Protein chains: 2
Amino acid sequence: MAGDEGVEMAPDRRAATIKDVAAAAGVGVATVSRVLSGTGSVSPATRERVQAAARELDYRPSALGRGLKLRRTGSLGLVLPDVTDPFCAEFTAGVLDCARTLGEHVIVDVSHDDPAREAEIVERFAGQRVDGIIAVPSGDAAGWRAASAVGLPVVFAGRVLDDLPAVPAVLCDDRAGVRAAVDYLVGLGHRRPAFLGGPAPGTAVEVRERAFRDTVAELGAVLDEDLVVRARSGRDSAYAAAAGLFQRRPDVTAVLAAGHVPGEAAVLVAREFDLRVPADVSIVMVDDVPWAELCDPPLTVVSRPARELGYRACEVLRRRPATVGRTPPVVLPAELVVRGSCSPPTGMPGAPPRSSRAR
Amino acid sequence: MAGDEGVEMAPDRRAATIKDVAAAAGVGVATVSRVLSGTGSVSPATRERVQAAARELDYRPSALGRGLKLRRTGSLGLVLPDVTDPFCAEFTAGVLDCARTLGEHVIVDVSHDDPAREAEIVERFAGQRVDGIIAVPSGDAAGWRAASAVGLPVVFAGRVLDDLPAVPAVLCDDRAGVRAAVDYLVGLGHRRPAFLGGPAPGTAVEVRERAFRDTVAELGAVLDEDLVVRARSGRDSAYAAAAGLFQRRPDVTAVLAAGHVPGEAAVLVAREFDLRVPADVSIVMVDDVPWAELCDPPLTVVSRPARELGYRACEVLRRRPATVGRTPPVVLPAELVVRGSCSPPTGMPGAPPRSSRAR
DNA sequence: GGTAGGTTTGGAAACGATTCCAATCGCGAT
DNA sequence: ATCGCGATTGGAATCGTTTCCAAACCTACC
């Protein structure tokens, strides 16, 4: 047995409690608590003895006992449509960053955009007595009633639920982002831009579609209903929608993809149809993802500050107790990142030959 | 105030406790507990009354009280180098999937590959009394001592720590994956394959480098020390390493990138140097990521079953209590996914013209 | 009608922390 | 010598569960 010491050293012995430390130091539990939490006054000699005992016993206060008494757990819940989605992952990183500075843990769970599942998660979080919930919501308002029962602070991110206007939110100015993209496309000379909607964790798709329609109208370009298509959810659906669009209307010169899933579909389908980007068709995608820069040509995108969104959501959650009544949502800007996937339509002056590309 | 009901409905009223339910139903707390947990025998009439009272009061058992008594929290900790990394994200999804079936929550935190930070996280998890920890470890063994103090089950994934051989692990057969890739490259006729090492969450980089060296030697190809380069960490370092390689040795015909970060660097640098893939240089990358398929040409990769790795890690954690002594690691296969980024070197028979590509 | 045996039931003791409150201890001032 | 006051200290209550254990109750059988 000697020499076989690893992480499994002592799987049986129970962890030391505050009582053990008190006994070892020859003081009362109250004193130990005072020393370890730094509150109240303790004589230097006693403090030293307690600290030594705690170190000796490898004492680690139980968050359970502490949480029970203090009525707060020091943990918060994060509800996401999908951890695997780059936007959500980046968002999570932001939440984690901020939570760390606050000394909170983060319990993560995924809803897969299913309201029932989201409700179940909220229910579980409530049972766990998390100090608050941050969510990229998918669901109907009903699922969030559970949060109110325990008076749980909630912050929504990316999207809001229309039936719950009172919930504080951290949003991205998607409207402005889409507007900039359409503006750019129309400015290049595309009179009939197409819109490829689809699953987009982190925003209501309708917002983008509406922004698209409004901007196209405003700029005096033509809004061709045949050119705005929507995919349900999933890669395949987006691919099918894109394929349908390109097949039905071989004359499209520019498409705005409402998320990275439809964006990916657009790139793939364009290649499938042997359309050159941007010579034959220009593509702009909402959401910056690592591969956008690796594409050939690199994709022009509308970038959302996902990480910052997460950080801010967490900050709002902390400050929430102070604010009464409804807080105006925090809105962060989206940015148009011009790379190489757009050019004037064929036949227009300035259309570049195939080889030219940004970067 | 009327009509202003949202999630913030009752921020003040304290959540109902088991005592409230007992009082409302006119029974003792023990009976309520029995009804709600389904254990013991209760008369149908009583059961009904208790359930009604619980529903009425919107009672939700506190995980704190329950955890304290039961000495288990129903939550497990997940330590990752980086949530943002596609491998880690996919791995997390697998853990979440499995945890859900087990009814456990997952507390996530990121180490950024910093042993000190990792140790701190483990320390915090131990304080939280998680039921177990799953980790893609970065650190030295010292950080994991804390886990032993509370007899915390730990499962390592992707990598193992040499000093802690007793910790159960779920691994991917990286060696075989790299071997397959080198085999493929050499089979195509590349006599001097290059190796581009770099940060690769989820594996020890040395494993891949060693596997590369061994395989090259075995196959009778030539191992040119000048062609194996390593990057520290971060995109920039990988980019610099790749640029250095291509600049120093314009004669490279094939490179194996040891992860998606060096892989990205290789693609970018190749484009920068106006090298055509695969005509001028063939590229294989370890780790499949969404953009690999979107590249032009689509990248040939060694794919690791990240999601399954996560699922299995979680399973192993649950089963751990049963097993005594050291468990042999679970090893999952890596798979070579041939796409369009490799071809015989120029001048070899069968080298395809520029336009040909897979899919 | 009494009792054995089973089913329901509720009180109370943990679980591990924090914190109020009263008690003890010095010690200088009256 | 006694009082008062501030600094230390520890006991005990509390947080919300689960579960042991004993009491109460019911039924059926002798």
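All values derive from a computational prediction rather than experimental measurement. Per chain, numbering begins at 1; letters A, B, ... match sequence-line order.
- Of the possible donor and acceptor atoms, one in the side chain of A/Asp131 sits under 3.5 Å from a partner among the backbone N and O of A/Thr73.
- Although no hydrogens or angles enter the test, the distance criterion places a donor-acceptor pair under 3.5 Å between the side chain of A/Thr92 and the main chain of A/Cys88.
- As a whole-Å value, the separation of A/Tyr59 OH from C/dG16 P is 10 Å.
- Counting heavy atoms from C-beta outward, B/Val160 and B/Val167 have side chains that stay 4.5 Å or more apart.
- At a threshold of 4.5 Å between non-hydrogen side-chain atoms, the residues A/Val136 and A/Phe91 count as touching.
- Contacts with DNA chain D (heavy atom under 4.0 Å) in residues 63-72 of chain B: B/Gly65, B/Arg66, B/Leu68, B/Lys69, B/Leu70, listed by number.
- As rounded to whole Å, 10 Å separates atom C1' of D/dG16 from atom CG of B/Asp20.
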**OP:** Please step through salt bridge (Lys or Arg N to Asp or Glu O under 4.0 Å) for the pair A/Asp97 and A/Arg307, ending with a clear verdict.
**Re:** CA-CA 9 Å; A/Asp97 268 1; A/Arg307 198 180 195 108; 3.7 Å; yes

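- Looking at heavy atoms from C-beta onward, A/Phe125 lies in side-chain contact with A/Asp109 at the 4.5 angstrom threshold.
- Considering only side-chain N and O atoms, B/Thr17 lies nowhere under 4.0 angstrom from the phosphate OP1 or OP2 of D/dG16.
- Atoms CZ (A/Arg60) and P (C/dC15) sit 20 Å apart, rounded to a whole Å.
- Regarding A/Ile18, its CD1 atom lies at a distance of 16 Å from the P atom of D/dA12, rounded to whole Å.
- The distance from atom CD of B/Glu48 to atom C1' of C/dT8 is 17 Å, rounded to the nearest whole Å.
- For the pairing with B/Leu96, the side chain to side chain contact (heavy atoms under 4.5 Å, CB included) check across A/Asp82, A/Leu80, A/Thr84, A/Val83 returns one residue only, A/Val83.
- In the set C/dA17, C/dT18, C/dC15, the nucleotide with an atom closest to the side chain of A/Arg14 is C/dC15.
- Looking only at distances, a side-chain donor or acceptor of B/Arg49 sits under 3.5 Å from a matching main-chain atom of B/Ala25.
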So which protein N/O to nucleotides 6-9 of chain D N/O distances come out below 3.5 Å?
residue	atom	partner	partner atom	Å
D/dT8	OP2	A/Ser41	OG	3.0
D/dT9	OP1	A/Ser43	OG	3.3
D/dT9	OP1	A/Thr46	OG1	2.7
D/dT9	OP2	A/Ser43	N	3.0
D/dT9	OP2	A/Thr46	OG1	3.2

